[in-house]
Amino acid sequence: MAKKEHVSETPATGFLRKEGVAFSEHPYAYEEHGGTAVSSQALGVAEHDVVKTLVMQDEAARPLIVLMHGDCKVSTKELARQIGCKKIEPCKPEVAQRHSGYLVGGTSPFGTRKALPVYVEESILALGKIYINGGRRGYLVGIAPGVLVDVLGAKPVQCALAD
C-alpha cells in the first residue's frame, strides 16, 4: 500500500497549524552548503521565491531574524540604518541555533525558541507564493507571503543586494 509522504511535525509546522496557516510541504535532498540554489532547483521554482531565514544581531548582541530572497544578500549597513541600529552582523552558527532552536540550514522564522523581531525584504511580500524553511534541513513549506506580516509581525525593510 503506497503511503503519501508525510514529513514529521517540527516546531515551525506546529506553529503554522496552531495559527491556522495553510501551507504546502516540500521535502528535498539537503546538501551541506548548497543553500537556496539547491532547494530551488529541487523544487523547480525560482531561487528568488525561496526565502532564507537569517539570524543576525545588533551591536548589543540582541538577536533578530532577516528574511531575504534566496538569490540576494543582506546589506547589513542598510538594514542597521533602517531599523535604527549602529551595526548588524550575522550570528555565529552556535549562537543562531541557541536563539532560534534550529540547526543552521534548517532555521525557520516560525516556532523559534525565543520570540525574535523579524524583518522581511519588502519585495518578498509582492510574490504570489514563497518557499521558506519548515524547521528542518531539506524541508521547505510553501505559504502566502502575507503570513510573515500577519502571523510574525514582520517589518518590511529594503536591504537586498543582488547576489
Side-chain angles (χ1 to χ4, degrees), residues 10-16 18-19 21 23 30 32-40 45-163:
T10 67
T13 56
F15 175 88
L16 290 170
K18 194 178 103 223
E19 294 291 329
V21 173
F23 64 93
Y30 178 77
E32 196 73 40
H33 306 295
T36 54
V38 167
S39 56
S40 63
V45 299
E47 191 176 3
H48 198 68
D49 296 349
V50 177
V51 175
K52 47 193 177 186
T53 304
L54 306 165
V55 182
M56 299 197 171
Q57 62 188 18
D58 66 11
E59 67 278 357
R62 286 183 297 250
L64 56 109
I65 287 177
V66 182
L67 303 176
M68 182 55 70
H69 294 286
D71 58 354
C72 297
K73 287 190 164 87
V74 173
S75 165
T76 52
K77 199 174 265 169
E78 185 55 31
L79 178 63
R81 195 184 67 69
Q82 287 188 31
I83 67 174
C85 294
K86 286 186 183 78
K87 188 176 107 183
I88 297 286
E89 62 185 1
C91 287
K92 289 186 168 69
E94 62 276 11
V95 175
Q97 189 175 332
R98 199 168 58 238
H99 290 312
S100 70
Y102 293 111
L103 274 177
V104 171
T107 306
S108 177
F110 304 109
T112 52
R113 180 175 288 154
K114 301 175 187 161
L116 302 172
V118 179
Y119 298 92
V120 57
E121 176 58 33
E122 193 170 39
S123 53
I124 288 171
L125 301 174
L127 297 172
K129 183 176 185 177
I130 58 169
Y131 300 87
I132 193 163
N133 199 289
R136 175 181 303 113
R137 291 174 171 179
Y139 177 56
L140 298 182
V141 292
I143 59 169
V147 167
L148 302 173
V149 175
D150 299 344
V151 177
L152 294 176
K155 293 174 188 65
V157 290
Q158 294 175 323
C159 59
L161 295 171
D163 203 356

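For reference, positions follow the sequence shown, starting with 1.
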message: Check this for me: Lys87, atom NZ, are more than 12 non-hydrogen atoms of other residues, nucleotides or ligands nearer than 6.0 Å?
response: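 12 or below, so no.
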
message: Looking at Lys86, I'd like to know if its NZ atom is crowded, meaning that more than 12 non-hydrogen atoms belonging to other residues, nucleotides or ligands lie closer than 6.0 Å.
response: no

Roughly how far, to the nearest 0.5 Å, is [atom2] of [Y] from [atom1] of [X]?
{"X": "Asp58", "Y": "Ile88", "atom1": "CG", "atom2": "CD1", "result": "5.5 Å"}
{"X": "Met68", "Y": "Ile124", "atom1": "CE", "atom2": "CD1", "result": "6.5 Å"}
{"X": "Ile83", "Y": "Glu78", "atom1": "CD1", "atom2": "CD", "result": "11.0 Å"}
{"X": "Lys92", "Y": "Arg98", "atom1": "NZ", "atom2": "CZ", "result": "10.5 Å"}
{"X": "Ser108", "Y": "Arg136", "atom1": "OG", "atom2": "CZ", "result": "11.0 Å"}
{"X": "Glu59", "Y": "Glu89", "atom1": "CD", "atom2": "CD", "result": "9.5 Å"}

Nearest heavy-atom neighbours spanning [X] and [Y]:
{"X": "Thr36", "Y": "Val50", "result": "CG2-CG1, 3.6 Å"}
{"X": "Leu125", "Y": "Pro156", "result": "CD1-CG, 3.9 Å"}
{"X": "Thr76", "Y": "Met56", "result": "CG2-SD, 4.1 Å"}
{"X": "Val120", "Y": "Ala154", "result": "CG1-CB, 3.8 Å"}
{"X": "Ile130", "Y": "Pro145", "result": "CD1-CA, 4.0 Å"}
{"X": "Thr10", "Y": "Thr13", "result": "N-OG1, 2.8 Å"}

- request: Report yes if some heavy atom in the side chain of Leu127 is under 4.5 Å from a heavy atom in the side chain of His48; otherwise report no.
  value: yes

Polar side-chain atom of [X] near backbone of [Y] as donor-acceptor pair, under 3.5 Å:
{"X": "Lys52", "Y": "Lys73", "value": "no"}
{"X": "Glu47", "Y": "Ala37", "value": "yes"}
{"X": "Arg113", "Y": "Tyr102", "value": "no"}
{"X": "Thr107", "Y": "Thr53", "value": "no"}
{"X": "Asn133", "Y": "Gly105", "value": "yes"}
{"X": "Glu121", "Y": "Ala160", "value": "yes"}

message: Test side-chain contact (heavy atoms from CB on, under 4.5 Å) on Leu148 and Ile143; report intermediate values, then the result.
response: CA-CA 9 Å; Leu148 302 173; Ile143 59 169; 4.2 Å; yes

task: For Phe110 and Ile132, run side-chain contact (heavy atoms from CB on, under 4.5 Å): C-alpha distance rounded to whole Å, both residues' side-chain angles, the deciding distance at 0.1 Å, then the answer.
output: CA-CA 10 Å; Phe110 304 109; Ile132 193 163; 4.0 Å; yes

Pair Val147-Glu19, side-chain contact (heavy atoms from CB on, under 4.5 Å): steps then yes or no: CA-CA 10 Å; Val147 167; Glu19 294 291 329; over 6 Å; no

